[in-house]
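Remember, it's 1-based here, ligands and their atoms both numbered in the order they're listed. Residue numbers run from 1 in the order of the sequence given.
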Amino acid sequence: MQKTQILVVEDDAPVRNLITTTLKTHEYKYHTAENGESAIMEASSHNPDIVLLDLGLPDIDGVEVIRRIRSWSNMPIIVISARSEDSDKIEALDAGADDYLTKPFSIEELLARLRVTQRRLAVMQADTADSVFTNGSLKVDFAAGCAYLGDKELHLTPIEYKLLCLMAKNVGKVLTHTYITQKIWGSSWDSDVASLRVFMASLRKKLESEPNSPQYIQTHIGIGYRMMKVE
Ligand code: CA
């Protein structure tokens with residue numbers, strides 16, 4: 001199997017060294033960039049599998065780097081942010097980032113995020129022509145417009161089904177409240193976010209065997225939701 005290639009964008013040398021040492025130990029290939037402009041150049045010349053991107057860069061803002069990369073590529077981008085404010089993460093996710101890590105982070109956390117993203121990559125590559133999505137015992141038949149859990153059909157309302165399809169098509173990726181409400185209702189008022197919580201709760205009741213410790217859809221408090229890839 002070919003080694004996964006990571007582009008590490010980080011201006012802080014100790015953090016960059018920590019990341020690259022970890023990647024080397026775990027059999028990843030990597031390139032590095034110390035600012036936004038060289039990150040964009042490296043991303044286009046090496047076409048990495050995953051980008052690890054620090055948001056606070058000396059030249060251009062990390063969110064701008066995401067927007068520029070997204071203008072031509074869907075490569076997964078994991079944001080690394082020292083800023084604890086949720087608004088920065090949300091802005092990065094809305095610009096097209098897949099996931100985020102907050103500094104300081106542990107090596108285990110970094111490796112776990114990489115694994116989630118690699119599974120997402122595998123799904124993206126396998127599923128492009130597929131009209132049926134499977135994840136654990138969940139199956140969504142996009143063409144027929146129905147969903148199953150094991151061999152039992154899920155009886156979903158149109159909104160619940162739309163929500164499930166949106167989460168399924170973005171498996172592994174954190175979707176913000178704004179992104180989801182835009183896709184489902186075409187708007188994103190506070191009342192839509194409140195409705196989203198209600199619909200998510202009713203979808204989970206049907207989907208999860210234990211809605212209080214959900215297996216399929218993870219909550220990111222104050223940020224949004226993510227469908228996990230279930231083995
Ligand atoms: Ca920085």
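Salt bridge absent: K205 and E160 never bring a charged side-chain N and a carboxylate O closer than 4.0 Å.
Note on residues 85-122: pairs passing ring-ring contact (aromatic ring centres under 6.0 Å, His included), not counting sequence neighbours, are Y100-H220. Residues in residues 147-156 take part in no side chain to side chain donor-acceptor pair (under 3.5 Å) pair, two or more places apart or across chains.
At a cut-off of 3.5 Å, with distance as the only test, a side-chain donor of T102 or K89 sits close to an acceptor on the other residue.
F142 and F133 have tilted rings, their planes meeting at an angle from 30° to 60° on a 0 to 90° scale.
Protein N/O/S atoms closer than 3.0 Å to the Ca ion (ligand 1): D11 OD1, D54 OD2, G56 O.
Partners of K24 by salt bridge (charged side-chain N to carboxylate O under 4.0 Å, His left out), not counting sequence neighbours: none found.
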